[in-house]
Number of protein chains: 2
Amino acid sequence: MDEPKPLRPTSEATLRRLPIYHHLLQKRLATGIKTISCSQIAEELSCDATQIRKDLAVTGIKGRPKVGYDLAALILSIEIFLGWSRVRKAFLAGAGHLGSALLGYNRFHHYGLDIVAAFDRDPDRVGTKVHGREVLPINKLAGLAKRMRVEVGIITVPAPVAQEVADFMVSGGVRAIWNFAPTKINVPAGVIVQNEDLYSSLGVLLQKLSAAHRLR
Amino acid sequence: MDEPKPLRPTSEATLRRLPIYHHLLQKRLATGIKTISCSQIAEELSCDATQIRKDLAVTGIKGRPKVGYDLAALILSIEIFLGWSRVRKAFLAGAGHLGSALLGYNRFHHYGLDIVAAFDRDPDRVGTKVHGREVLPINKLAGLAKRMRVEVGIITVPAPVAQEVADFMVSGGVRAIWNFAPTKINVPAGVIVQNEDLYSSLGVLLQKLSAAHRLR
DNA sequence: GTAGAATCGAGAAATAATTCTCTACTAACA
DNA sequence: TGTTAGTAGAGAATTATTTCTCGATTCTAC
Ligand SMILES: NC(=O)c1ccc[n+]([C@@H]2O[C@H](COP(=O)([O-])OP(=O)(O)OC[C@H]3O[C@@H](n4cnc5c(N)ncnc54)[C@H](O)[C@@H]3O)[C@@H](O)[C@H]2O)c1
Ligand SMILES: NC(=O)c1ccc[n+]([C@@H]2O[C@H](COP(=O)([O-])OP(=O)(O)OC[C@H]3O[C@@H](n4cnc5c(N)ncnc54)[C@H](O)[C@@H]3O)[C@@H](O)[C@H]2O)c1
């Protein structure tokens with residue numbers, strides 16, 4: 001099975017939709033059905049069937065006319081494509097409100113991520129356990145990351161110290177950073193940064209609400 | 001000051017970038033500078049200056065050649081455009097891990113959102129306080145929302161019950177929903193839904209990491 | 001004053017993403 | 001064994017977004 005060779009990387013829009021399909025497909029799998037078509041998915045998500053077909057195509061799955069896709073095979077195909085089939089170790093920096101919520105979420109290892117430890121600067125937090133994961137002093141992060149070959153870093157510290165924490169991660173050999181602090185972090189080429197900016201999301205929501213108001 | 005009349009609504013991409021500019025601008029304001037140009041912002045965020053100029057234009061701000069924009073005026077212009085200048089009341093449903101993190105975040109009221117109460121189904125949680133906000137039984141949500149004219153609903157319940165909770169919010173007159181459950185929720189036309197799907201974000205991160213692996 | 005440099009703003013061009021169209025295939029059914 | 005309807009997949013057309021280009025404006029320095 002030769003993988004599709006993407007001359008251009010898959011568009012971010014497509015990547016963001018694949019997990020949405022994945023979730024729906026898993027719900028359907030539980031009902032016992034064996035196949036699913038793009039039209040059915042499109043109906044359920046109220047979006048365009050052709051778009052779904054193109055999105056799914058990037059994972060390398062093949063469908064059958066009049067039938068659709070084999071449900072289990074499709075789910076697997078998405079998981080392999082997204083890198084969810086191989087679990088990667090992650091360190092989380094900032095065991096505060098948001099960090100604790102992420103640590104308490106026990107589903108990430110189904111989605112390719114295993115948060116193995118948390119780090120904090122606050123001496124009161126260091127040494128405690130948050131949802132079963134030990135909280136270690138932040139100055140241990142780089143060394144341990146290197147030793148344990150941790151690939152992913154999660155930043156849930158306040159924005160002003162996000163860069164400093166990112167630098168620790170990079171020096172520890174982390175190759176991808178999931179950044180929840182609302183600020184840009186600079187990393188060397190080759191390190192992947194995914195920003196999860198809740199304010200962007202809130203901005204979209206409230207602007208649409210305001211715009212709706214203005215129209216009336 | 002006549003507002004720019006958007007025949008087409010502002011693109012989601014632009015809306016998502018405005019809060020990022022906003023954050024940078026506030027950092028700059030603290031340093032005491034009075035004006036800022038698109039080139040400076042572009043330099044700092046490593047993106048295109050023309051794009052920033054077009055993004056800022058949707059807010060109605062006017063810049064001056066050779067100078068840039070008045071910093072305070074620009075910040076205000078973004079806030080007004082995004083609807084952050086008027087604070088809206090919000091109810092949060094699901095006072096679990098993620099819900100508590102959001103309740104513990106005391107900055108949202110600077111960004112147009114005031115989470116006034118939380119709701120849960122779990123009798124052990126109902127009656128307690130989470131970060132100063134009372135947790136009320138979920139069956140009170142619709143009635144209270146109507147009475148208090150709550151405009152925004154935040155969903156942090158498990159995916160299988162997200163639709164049911166959304167229905168309560170809609171029947172309570174809520175006009176916009178911030179949905180953290182990884183599932184589609186159906187609402188009548190006119191109600192705005194903003195999905196905050198962490199798995200989409202994670203999918204992008206891990207796929208890029210996998211793709212980088214494959215190249216080497 | 002005048003020259004020069006930096007920047008905004010508007011429109012054009014290029015690029016990317018989405019949607020449409022058509023063909024070929026598959027299954028169900030008469 | 002046709003016949004029909006539903007669907008994947010490929011490519012074209014459309015639409016949206018980003019990037020480029022250029023003229024107009026404003027500040028600074030001489
Ligand atoms: N909680 C939310 O709902 C929410 C919403 C939007 C954005 N955010 C962002 O997420 C980040 C965390 O928010 P939070 O509410 O969890 O904050 P928090 O204050 O609860 O947690 C931050 C944690 O980081 C630790 N920390 C501080 N400096 C550190 C350092 N140099 N090294 C290691 N640890 C350090 C603190 O000790 C604390 O435990 C912030 O950047 C915030 O803007 C949070
Ligand atoms: N915690 C995370 O890091 C994280 C990450 C990604 C996605 N999410 C999503 O966020 C949502 C919440 O996650 P969580 O980790 O906070 O879960 P949680 O179990 O900690 O909290 C869920 C809360 O919802 C309450 N609840 C359940 N059914 C309810 C109902 N019908 N009405 C009102 N309240 C109800 C529960 O009592 C509980 O307090 C889930 O949809 C989850 O998929 C969470």
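Fair warning: this is a prediction, and the values are worked out from it, not measured in the lab. Below, chains carry the letters A, B, ... as their sequence lines are ordered, and counting in each starts from 1.
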(Q) Judged by each residue's nearest nucleotide on DNA chain C, which is more toward the 5′ side, P65(B) or S11(A)? (A) P65(B)
Please list, one pair per line, the donor and acceptor atoms closer than 3.5 Å that link side chains of residues 168-194 of chain A to other protein atoms, with sequence neighbours excluded.
unit_1, atom_1, unit_2, atom_2, d
S171(A), OG, D167(A), O, 3.4
S171(A), OG, F168(A), O, 2.9
R175(A), NH1, H213(B), NE2, 3.2
W178(A), NE1, S201(B), OG, 3.1
N179(A), OD1, A181(A), N, 3.0
N179(A), ND2, A181(A), O, 3.2
N179(A), ND2, T183(A), O, 3.1
N179(A), ND2, N195(A), OD1, 2.9
T183(A), OG1, K27(B), NZ, 3.4
K184(A), NZ, N186(A), OD1, 3.0
K184(A), NZ, S46(B), OG, 2.4

Q | Rounded interatomic separation in angstrom, taking CD from E12(A) and P from dA17(C) | A | 10 Å
Q: Please check if any side-chain donor atom of Q207(B) sits under 3.5 Å from a side-chain acceptor atom of S210(B), or the reverse.
A: no
Q: Determine whether more than 12 heavy atoms belonging to other residues, nucleotides or ligands lie under 6.0 Å from atom CZ of R86(B).
A: yes
Q. Between P19(A) and W84(A), what is the shortest heavy-atom contact and its length?
A. CB-CH2, 3.7 Å
Q: Identify the two heavy atoms, one from Y69(B) and one from C38(B), that lie closest to each other, and give their separation to 0.1 Å.
A: CE1-SG, 3.5 Å
Q. Rounded to whole angstroms, how far apart are CD1 on I41(B) and P on dA6(C)?
A. 18 Å
(Q) Rounded to whole Å, please give me the gap between CZ in R8(B) and P in dT14(D). (A) 15 Å
Q) In whole angstrom, what separates L56(A)'s CG from dT7(D)'s C1'? A) 13 Å
Q | Polar side chain donor-acceptor pair, D70(A) to T35(A), under 3.5 angstrom | A | no
What are the atom names and distances for every N/O pair under 3.5 Å that joins the protein to nucleotides 1-3 of chain C?
none

Q | Presence of donor-acceptor pair under 3.5 Å, side chain of K66(A) and base of dA8(D) | A | no
Q: Classify the nucleic acid contact of T14(A) as base, sugar-phosphate or nothing, counting any heavy atom under 4.0 Å across all strands shown.
A: nothing
Q. Where along residues 48-55 of chain B does a heavy atom come under 4.0 Å from DNA chain C, residue by residue in number order?
A. R53(B), K54(B)
Q) Sequence neighbours excluded, which residues qualify as ring pair (Phe, Tyr, Trp, His ring centres under 6.0 Å) partners of H97(A)? A) H131(B)
Q. Starting at CD of E43(B) and ending at P of dA6(C), how long is that distance when rounded to a whole Å?
A. 14 Å
(Q) The criterion is ring pair (Phe, Tyr, Trp, His ring centres under 6.0 Å); which residues satisfy it with H110(A), sequence neighbours excluded? (A) none
Q) So do the side chains of I20(B) and S200(A) get within less than 4.5 Å of each other, counting heavy atoms only? A) yes
Q: May I ask you to check whether F108(B) and Y105(B) place their ring centres under 6.0 Å from each other?
A: yes
(Q) Does anything in residues 15-26 of chain B come within less than 4.0 Å of DNA chain D? Heavy atoms only, and list the residues if so. (A) R17(B)
Q: Rounded to the nearest angstrom, tell me the gap between atom NZ in K62(B) and atom C1' in dA10(C).
A: 10 Å
Q.
Please determine whether a side-chain nitrogen of the Lys or Arg among E12(A) and R17(A) lies less than 4.0 Å from a carboxylate oxygen of the Asp or Glu.
A. no
